[in-house]
Protein chains: 2
Amino acid sequence: MREATLKEIAHTLGISITTVSKALKNYPDVSEKTRKAVIALAEELHYTPNSFAVNLRTKESKTIGLIIPEVVHHFFSGVVNGIIDEAEKNGYLVIILQSNESLELEKKQVALLLNKRVDGIIMSLSNESNDDAHIKEIIQKGIPFVQFDKISKLIPSSKVIINDQKAAMEAVQHLIDMGCKKIAHIRGLANPQNSIDRFLGYKKALEKNGIPFDSSLVYSCKSITFEQGVEFAQQILEEDKGIDGIFVITDLVAVGLLAHFNEKGIQVPGQIAVIGFSNWLVSQVITPKLSTVDQPSYEMGVAAFNLLLEEMIYRKKGKIFEPKTIELPTSIITRESTLKKIEA
Amino acid sequence: MREATLKEIAHTLGISITTVSKALKNYPDVSEKTRKAVIALAEELHYTPNSFAVNLRTKESKTIGLIIPEVVHHFFSGVVNGIIDEAEKNGYLVIILQSNESLELEKKQVALLLNKRVDGIIMSLSNESNDDAHIKEIIQKGIPFVQFDKISKLIPSSKVIINDQKAAMEAVQHLIDMGCKKIAHIRGLANPQNSIDRFLGYKKALEKNGIPFDSSLVYSCKSITFEQGVEFAQQILEEDKGIDGIFVITDLVAVGLLAHFNEKGIQVPGQIAVIGFSNWLVSQVITPKLSTVDQPSYEMGVAAFNLLLEEMIYRKKGKIFEPKTIELPTSIITRESTLKKIEA
DNA sequence: TTTTTATTCGAAAACGTTTTCGAAATTACC
DNA sequence: GGTAATTTCGAAAACGTTTTCGAATAAAAA
């Protein structure tokens, strides 16, 4: 079951390895006759170049690394999808590693990829990431590098992001347009930038519409779970502050709210309108169907790879590459949970 | 920004490349003094072996390939998770490719991985897979190979599976235990083996309990979607056959049923009990919470990698490897959608 | 025929590592 | 002191490819 090599082909054809190599790569300085012969024999032997040797010789592996917090997450698997597809179209393969939101693991994964000498790295930072020595090492080694979603602004690299603040503003504006007067916000954890940005968007939307900001209408998640949503729904009903609209950090939590409102016979959107974030699968199959903000995960993956590809090409030519930032548009998806009948 | 090499270290230390290599790999035939010196300099220069050269020399890359229909699917991303984690623990990296349920793509992906000369391949067949010339090529090339979930029984390789038929039987038995007398089955597409097996499990459970099989109670999905579930719910209500329990091919479709029943004011499980399959995230956040069959996706990934690892080790020693099949247990998760109150 | 030009080929180095095997240097033993 | 055993080292081959550059051959021009 030995694999055919250039040497073998050369030997049986009575020519040199050089010529065989050239024939297979369509170099101009090999006669039509020998080229034909080489190709014929190569096919017969099912010759395929030894990628290990090619890698060593060309100093590239046509392989990139991807580090994400976790695959089992609708958003990240969407991105993974986009990256894999686009990479494959361009002859690249993708190695995926998970950081599980742990800084320590993240460092290890970066080291692994550097050892593997991948041609480039795409990554979304873990929540813990504040120390970025390991990221700087990537840059300093001159490895093409792209960040997406959770990024560090301080690192000079290309980035693919959405505008969380703007998206949040639009979501809240939508609630206002639907007639909501007293709008609460279920915000995410304290540190992550997107949690902060969405909160700021909420504030700005209120401000823009002349609605006074009331910090008692902001609820902070301890965990991003369904149960957390149920708890806040309980609390909100108990407090009875007259809230008629809620902007929630993410769909999963929003669905928890809906579940409890449903149980208590609260009309959504009649009494309280709810809008989530991220367009999880669940938001379209719940009753009432949940309005939300769509993040173009697949497109982010595609964009991230293309940015990386551009840098890889630049670097290969020895040119210097100026990092770019791509901001992808989000869109409000209006479904039943916010559609009050104020039409016309 | 040049990377340090053995040659460099050897040069500056005035010793041979051989000795440097040996020192770093703890060969016994190098004195403590030179070993220390080598290690010190290696650390100072941040030396890390060139993996391309190592691959070429050792003929292995510590990289495996994984082909799945699609990442963006709760089940597959669970498996991916398990494989990546376990692979990393054992010093392996994972390249992921998607077949998108297309046979043509699947063939291409296999070819890609063979060209890359991965150390092993794990894969779940696409639905289209009937021709398996490309799979046979993997076996015949002697590449360690493991199938999981959607498998071809005809291919002599290790396999990781669940017992769909048994799981389906248990699900239907659960409905019967809950007092259901007239049980319908929403089955999947015609060809996939798991669709067939679950259907057979449904039949067997009825048989075992002395309930006559009625083919008019079996509904075949044209697509595995939420909407399909809604449609069947409509049809079932219109037909009014007195159905009081439904076993559904997968949670997504079951959730469609629930949505429509909810809209029409049908009590679940009071009038009709519903059980799904696969334990999608959505099943625990819907109202009523959906009973379902849990497939241990992460564990399947772990098992698949370990089987592959075993084969890789065997093969490396030149020993022949006898393929194994691991069948992982499923479990019925009883939630609100089937819990009728017949408790004692 | 000789010289020039175009065409076709191959020797050899290089990529960086691992490993075999023999040689040199050191130590132990009588 | 000499021999044997042990320790420490390095030359060299090999993995399979790509690419440079010069040589050989064939064709064209003089």
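The chains referred to below are lettered A, B, ... by the order of the sequence lines, with proteins before strands, and numbering in each begins at 1.
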Engineer: Could you tell me how far apart B:L6 (CG) and C:dT19 (P) are, to the nearest whole angstrom?
Structural biologist: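 After rounding, the reported distance stands at 12 Å.
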Engineer: Determine whether any donor atom in the side chain of A:S16 lies under 3.5 Å from an acceptor atom in the base of C:dA11, or the reverse, and answer yes or no.
Structural biologist: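 Counting by modelled atom types and ignoring angles, no donor-acceptor contact under 3.5 Å is found here.
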Engineer: Less than 3.5 Å between a donor and an acceptor, one on the side chain of A:K59 and one on the base of C:dG16, is that the case here?
Structural biologist: no
Engineer: Assess the side chains of A:E3 and A:N50: does a donor N or O sit below 3.5 Å from an acceptor N or O?
Structural biologist: no
Engineer: Quickly work out the A:Y47 OH to D:dT17 P distance and round it to whole Å.
Structural biologist: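 Distance, rounded to whole Å: 4 Å.
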Engineer: Consider salt bridge (charged side-chain N to carboxylate O under 4.0 Å, His left out). Of A:K116, A:R117, A:K316, which one does A:E60 pass it with?
Structural biologist: A:K316
Engineer: Hey, does the side chain of B:T34 come within less than 4.0 Å of D:dC9's phosphate (OP1/OP2), counting only N and O?
Structural biologist: yes
Engineer: Rounded to the Å, how far apart are B:R35 CZ and D:dT8 P?
Structural biologist: 9 Å
Engineer: B:F52 near the nucleic acid: base, sugar-phosphate alone, or nothing, with a heavy-atom cut-off under 4.0 Å?
Structural biologist: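 Touches nothing.
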Engineer: Examine the side chains of B:E88 and A:Q109 and answer whether a donor and an acceptor come within less than 3.5 Å of each other.
Structural biologist: yes
Engineer: Reckon A:T5 has a side-chain N or O less than 4.0 Å from the OP1 or OP2 of D:dG16?
Structural biologist: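 So the side-chain polar atoms of A:T5 never come under 4.0 Å of the phosphate oxygens OP1 or OP2 of D:dG16.
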Engineer: Would one find a side-chain N or O of B:S31 under 4.0 angstrom from OP1 or OP2 of D:dC9?
Structural biologist: yes
Engineer: Counting only heavy atoms not in A:N191 (residues, nucleotides, ligands), do more than 12 fall under 6.0 Å from its CG?
Structural biologist: no
Engineer: Return the value, rounded to whole Å, for the distance between atom CG of B:N55 and atom P of C:dC15.
Structural biologist: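 One finds 18 Å between P of C:dC15 and CG of B:N55, rounded.
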Engineer: Please give, in whole Å, the distance from C:dG10 P to A:K7 NZ?
Structural biologist: 16 Å
Engineer: Where each residue is assigned the nucleotide of DNA chain D containing its nearest heavy atom, which of B:P28 and A:A53 is assigned the position nearer the 5′ end?
Structural biologist: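 It is B:P28 whose nearest nucleotide is closer to the 5' end.
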Engineer: Which whole-number value in Å describes the distance from A:L24 CG to D:dT19 P?
Structural biologist: 13 Å
Engineer: OP1, OP2 of C:dG10 versus side-chain N and O of A:T19: anything below 4.0 Å?
Structural biologist: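 Result: yes.
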Engineer: Output the rounded distance in Å from NZ (A:K22) to P (C:dT7).
Structural biologist: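 Nearest whole value for this atom pair: 15 Å.
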